[in-house]
Amino acid sequence: MDILENLNDNQKEAVLHINGPLLVLAGAGSGKTKVLTTRIAYLIQEGISPLNILAITFTNKAAMEMKGRIYKLIGYTARDMQISTFHSFGLRIVKENYEYLGYSKNFVVIDSDDSLTVVKKILKDKNIDPNKFNPRAIRSKISTLKNELKTPDIYKREVSDVFEEVVLDVYLKYQSILQENNSLDFDDLLILPIKLFKEKPDILEYYQEKFKYILIDEYQDTNEAQYKLTKLLAKKYQNICAVGDVDQAIYGFRGANYKNILNFERDYKNTKIINLEENYRSTKTILKAANSVIRNNKNRKVKNLFSNLEEGEKINYYRASDYQDEVQFVVQKIKELAKSNNYSDIVILYRTNAQSRMFEDGLVKANIPYKIIGGINFYGRLEIKNLLAYLRLIHNSQDNVSLERIINVPKRGIGEKTISKLASTADLKQISLYEAIDSGKELIFKNIIEELKAKKDTMPLVEFIDLVLDKSGIRKEYESEKSLDADIRLENLEEFKSVAKTFEDEYGVVSLEDFLLNISLVSDNTEIKEEKNAVSLMTIHAVKGLEFPYVFLVGMEENLFPHANSLYSEEELEEERRLCYVAITRCKKKMFITNARIRLLYGTNQVNPISRFIKEIDPDLLDNISANCFEKNEKIDYNNIKEEKVDISKNYDNVDINYQVGDFVYHENFGAGKVLEIIPNLKDPTRTLLKIAFKLPYGVKTLIYSHKNLRKV
């Protein structure tokens with residue numbers, strides 16, 4: 001079997017290079033895994049022992065795939081090779097040298113949950129208020145410090161505020177507890193091997209002799225600890241092959257340092273550099289678009305992807321009038337594609353998790369199967385379920401299920417014993433759990449619910465949800481956590497306000513009861529069984545490594561993509577551009593890019609400029625369709641697209657009507673009614689409320705004063 005068969009010239013050159021440092025700059029879809037596995041097989045064919053080869057990648061899935069491909073090439077000979085993740089490799093080093101690191105043979109590796117438990121116990125023992133100093137934020141900071149190779153002694157010199165002082169205090173105790181309990185966390189699996197190699201040169205030399213040939217996949221994603229560990233191992237023989245692409249470095253928020261790949265030639269003299277630029281995935285049009293965007297980054301190694309595949313269709317660019325128009329366009333195009341393709345050929349990509357909600361709702365209404373990749377459907381997310389439980393309990397205090405879910409969310413020191421005691425009292429007296437509450441911390445919780453119940457019919461839903469987030473403590477909990485996960489959860493909670501705003505705008509109703517009934521219908525429908533033939537929805541971060549024939553890249557507006565947080569940092573803006581490059585290069589056949597003139601996000605209407613990334617794409621590659629002209633398929637000149645200033649108040653065409661108590665009115669959905677009360681909104685007069693009695697079965701409802709469906713008779 002000729003293992004070099006079907007390799008292009010550059011791929012073959014990378015495989016045949018045996019000794020000395022090698023940097024393979026592998027563009028998207030250029031066959032880097034094929035090069036890595038074939039190179040390993042070739043090394044073994046050339047007489048190098050599999051035991052002397054170390055191959056490291058970033059996920060267990062990628063490691064298993066690599067092993068499988070090598071077995072197909074050279075068979076059982078490769079069984080003893082070390083092909084693993086960095087952490088798996090680190091665990092091997094610790095297992096083989098635990099006594100030198102001060103551990104016993106039966107050491108254990110604790111997971112992230114156990115690690116958090118240790119931090120919480122330290123805070124409790126030191127009488128540090130976890131509401132002021134979030135345990136997750138502290139644990140996250142300690143993990144970051146470890147991966148930056150900053151011991152407590154080093155970090156001590158950097159401490160500049162109260163939070164950092166607490167982190168230092170906890171960090172010292174945390175490490176002490178782990179050592180005393182013969183335990184390691186995942187970060188230690190990288191740090192301890194580095195410590196061992198620095199303190200024991202003879203052990204380092206042993207592993208340098210053992211692993212004379214080192215291959216690192218996705219080198220642009222290495223952090224400081226991974227970089228240092230690799231450098232120590234490769235120092236003696238310099239037979240290191242790094243494969244990666246700086247243009248796909250999108251994990252800076254996790255501590256990855258893309259500069260490691262840029263500095264490879266500085267670290268390893270006489271490096272041979274090979275570019276893999278032929279793409280086997282996408283049409284020429286897609287690659288030209290990707291190249292035209294990424295060339296605007298300064299910190300990169302220049303390369304240009306090309307393809308010998310067909311030219312392909314132009315990118316379909318749609319500037320929607322609003323987010324609903326954007327969703328409608330995407331749904332309509334998916335219906336058209338589904339006539340001759342599988343749903344599984346299609347993906348919708350967005351910058352933030354919160355954006356999934358509007359597309360989920362649109363797909364549900366269109367009866368199109370979908371699945372969320374790398375996440376949970378919007379209404380199934382923990383923070384959304386907790387917020388809904390609060391709203392349901394406020395609406396119906398007999399709801400024991402909702403009460404049990406959120407009585408200790410956020411943490412209030414109400415444990416299972418208290419809930420069990422309440423349940424016993426409720427059973428004995430034949431009352432609800434809520435009614436059984438009469439003392440203790442649980443009474444404080446009840447008082448919060450009572451306060452919110454008193455206000456639920458006196459303000460618009462969006463404002464009321466804001467109040468619930470504040471009074472419950474949910475918002476404060478996530479704000480104090482200071483982590484990426486907490487930021488995502490906050491975005492989702494803010495996006496829930498858009499659900500309420502849409503409901504208000506559609507029906508004019510601000511009734512919590514009606515809103516919850518509407519939500520229950522949508523959330524039930526989104527509990528779709530896992531299907532293979534379904535449209536995929538995911539963030540761009542989650543799509544790396546995947547490919548789809550048809551890609552919808554939505555929400556392409558300034559402040560959304562690029563994200564608002566990146567606009568004041570050139571380095572972060574370049575990472576956003578790399579993220580755009582990754583999104584475009586996932587597409588094989590046809591791409592759709594969309595944005596909206598007006599976007600309802602986090603409960604408010606926003607007017608954002610067109611994303612700079614769209615403007616960086618060669619206009620000749622775009623097929624532009626103007627908003628509200630989708631059915632006519634009318635085209636507009638890309639170069640003449642202008643930003644409109646939109647007066648949101650114009651949505652309320654009834655704003656000047658002067659309602660009085662006693663007026664008779666007519667609503668398109670509820671019929672005839674009579675105004676019972678006017679509830680003014682001093683902040684925003686257009687959100688003033690009317691309490692109206694409608695004929696049964698509708699009864700009394702609270703509506704937006706100026707809603708388009710409401711008229712004075």
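Residues: numbered from 1 along the sequence shown.
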Check: Phe58 main-chain N/O paired with Glu218 side-chain donor or acceptor under 3.5 Å
no
Verify the distance criterion only: is there a donor paired with an acceptor across the side chains of Asp187 and Ser143 at less than 3.5 Å?
yes
Side chains of Leu388 and Leu516, heavy atoms from C-beta outward: is any pair under 4.5 Å?
yes
Is there a side-chain contact between Met538 and Leu546, using heavy atoms and a 4.5 Å cut-off?
yes
How close do Leu391 and Leu512 get, counting heavy atoms only, and between which atoms?
O-CD2, 3.7 Å
Measuring from atom CG of Leu387 to atom CZ of Arg392, what distance do you get when rounded to the nearest 0.5 angstrom?
10.0 Å
Enter the distance from Leu190:CG to Glu224:CD here, rounded to the nearest 0.5 Å.
11.5 Å
Shortest non-hydrogen pair, Asn386 vs Arg405, comes out as OD1-NE, 2.8 Å
I'd like to know if Lys150 and Glu158 make a salt bridge, using a cut-off of under 4.0 Å between side-chain N and carboxylate O.
yes
Quick check: do Ile394 and Ile449 have side-chain heavy atoms less than 4.5 Å from each other?
yes
Inter-residue atom distance Ile250.CD1 - Glu575.CD, 0.5 Å rounding:
7.5 Å
Between Asn223 (side chain) and Gly255 (backbone), is there a donor-acceptor pair under 3.5 Å?
no
Heavy atoms only: give me the nearest Val159-Glu165 pair and the separation to one decimal.
CG1-CG, 3.4 Å
Can you confirm whether Val554 sits close enough to Phe561 that some side-chain heavy atom of one is under 4.5 Å from a side-chain heavy atom of the other?
no
Worked verdict on Lys365 versus Asp361 for salt bridge (Lys or Arg N to Asp or Glu O under 4.0 Å):
CA-CA 6 Å; Lys365 289 174 183 176; Asp361 289 355; 5.9 Å; no
Looking at His541 and Tyr251, would you say the former's side chain and the latter's main chain have a donor-acceptor pair under 3.5 Å?
no
I'd like to know if the side chain of Glu148 pairs up with that of Thr144 as donor and acceptor (distance under 3.5 Å, no hydrogens or angles considered).
no
Output a table of donor-acceptor pairs, distance under 3.5 Å, between side-chain atoms of residues 437-447 and any protein atom two or more places apart or on a different chain; print 'none' if there are none.
unit_1: Lys446; atom_1: NZ; unit_2: Tyr434; atom_2: O; d: 3.1
unit_1: Lys446; atom_1: NZ; unit_2: Ile437; atom_2: O; d: 3.2
unit_1: Asn447; atom_1: ND2; unit_2: Leu443; atom_2: O; d: 3.3

Provide the closest heavy-atom pair for Val109 versus Leu91 in the form atom of the first, atom of the second, distance.
CG2-CD1, 4.1 Å
Glu576/Arg351 salt bridge by N-O under 4.0 Å criterion
yes
Looking at Asp129, I'd like to know if its CG atom is crowded, meaning that more than 12 non-hydrogen atoms belonging to other residues, nucleotides or ligands lie closer than 6.0 Å.
yes
Donor-acceptor pair, distance only, cut-off 3.5 Å: does the side chain of Glu360 make one with the backbone of Phe378?
yes
Check whether more than 12 heavy atoms from other residues, nucleotides or ligands sit under 6.0 Å from atom NZ of Lys228, and answer yes or no.
no
Identify all side-chain donor-acceptor contacts of residues 119-126 below 3.5 Å with residues at least two apart in sequence or on another chain.
unit_1: Lys121; atom_1: NZ; unit_2: Asp125; atom_2: OD2; d: 2.9
unit_1: Lys126; atom_1: NZ; unit_2: Asp169; atom_2: OD1; d: 3.3

Taking Arg475 first and then Glu494, would you say they form a salt bridge - that is, a charged N and a carboxylate O separated by under 4.0 Å?
yes
Does the distance from a Lys or Arg side-chain N to an Asp or Glu carboxylate O, for Lys476 and Glu479, drop under 4.0 Å?
no
Please confirm whether the backbone N or O of Asp188 pairs with a side-chain atom of Asp185, one donor and one acceptor, at under 3.5 Å?
yes
Using a distance-only test with no angle check, is there a side-chain donor-acceptor pair under 3.5 angstrom linking Asn182 and Asn106?
yes
Indicate whether the side chain of Gln179 and that of Ser176 have a donor and an acceptor atom separated by less than 3.5 Å.
no
Between the main-chain N or O of Leu116 and the side-chain N or O of Arg136, is there a donor-acceptor pair closer than 3.5 Å?
no
Locate the shortest heavy-atom distance separating Ala500 from Leu461; write the atom from each residue and the value.
CB-CB, 4.0 Å
From Asn60 CG over to Ser88 OG, what is the distance, rounded to the nearest 0.5 angstrom?
5.0 Å
Does the side chain of Ser84 come within less than 4.5 Å of Arg92's, by heavy atoms?
no
Donor on one side chain, acceptor on other, Ser356 and Arg381, under 3.5 Å
yes
Applying side-chain contact (heavy atoms from CB on, under 4.5 Å) to Asn97 and Leu192, what does each step give before you reach the verdict?
CA-CA 10 Å; Asn97 301 277; Leu192 290 177; over 6 Å; no
Hey, does Leu537 have a side-chain heavy atom less than 4.5 Å from the side chain of Lys371?
no
Which value, rounded to the nearest 0.5 Å, describes the distance between Asn400 atom CG and Ile407 atom CD1?
10.5 Å
Can you check whether Pro460's main-chain N or O pairs, donor with acceptor, with Glu463's side chain at less than 3.5 Å?
no
Taking atom NZ of Lys544 as the centre, does the number of heavy atoms from other residues, nucleotides or ligands within less than 6.0 Å exceed 12?
yes
State, with a plain yes or no, whether a side-chain heavy atom of Thr702 is found less than 4.5 Å away from one of Ser511.
no
Verdict with reasoning, Phe163 to Ile138, per side-chain contact (heavy atoms from CB on, under 4.5 Å):
CA-CA 8 Å; Phe163 175 74; Ile138 293 170; 4.0 Å; yes
Are there over 12 heavy-atom neighbours, none belonging to Glu416, within less than 6.0 Å of that residue's CD?
no
Do the two ring centres, one from Phe515 and one from Phe496, sit under 6.0 Å apart?
yes
Which is it for Thr352 and His563 under the side-chain contact (heavy atoms from CB on, under 4.5 Å) test, yes or no, and what are the steps along the way?
CA-CA 9 Å; Thr352 65; His563 196 279; 3.8 Å; yes
Counting N and O atoms only, with roles assigned by atom type, does the side chain of Glu383 sit under 3.5 Å from a partner on the main chain of Asn492, one being a donor and the other an acceptor?
no
Tell me if a side-chain donor or acceptor on Asn408 pairs with a main-chain N or O of Gly413 at a distance below 3.5 Å.
yes
Smallest heavy-atom separation, Ala583 atom then Ile540 atom, equals CB-CG2, 3.7 Å
Side-chain donor or acceptor of Asp221 paired with backbone N/O of Ala256 under 3.5 Å:
no
Sequence neighbours excluded - ring pair (Phe, Tyr, Trp, His ring centres under 6.0 Å) pairs with any residue from residues 89-127:
Phe89-Phe211
Contact check, side chains of Glu495 and Met358, non-hydrogen atoms, under 4.5 Å:
yes
To the nearest 0.5 Å, what is the distance between CD1 on Ile177 and OH on Tyr174?
9.5 Å
Verdict with reasoning, Val167 to Leu145, per side-chain contact (heavy atoms from CB on, under 4.5 Å):
CA-CA 10 Å; Val167 170; Leu145 290 170; 4.1 Å; yes
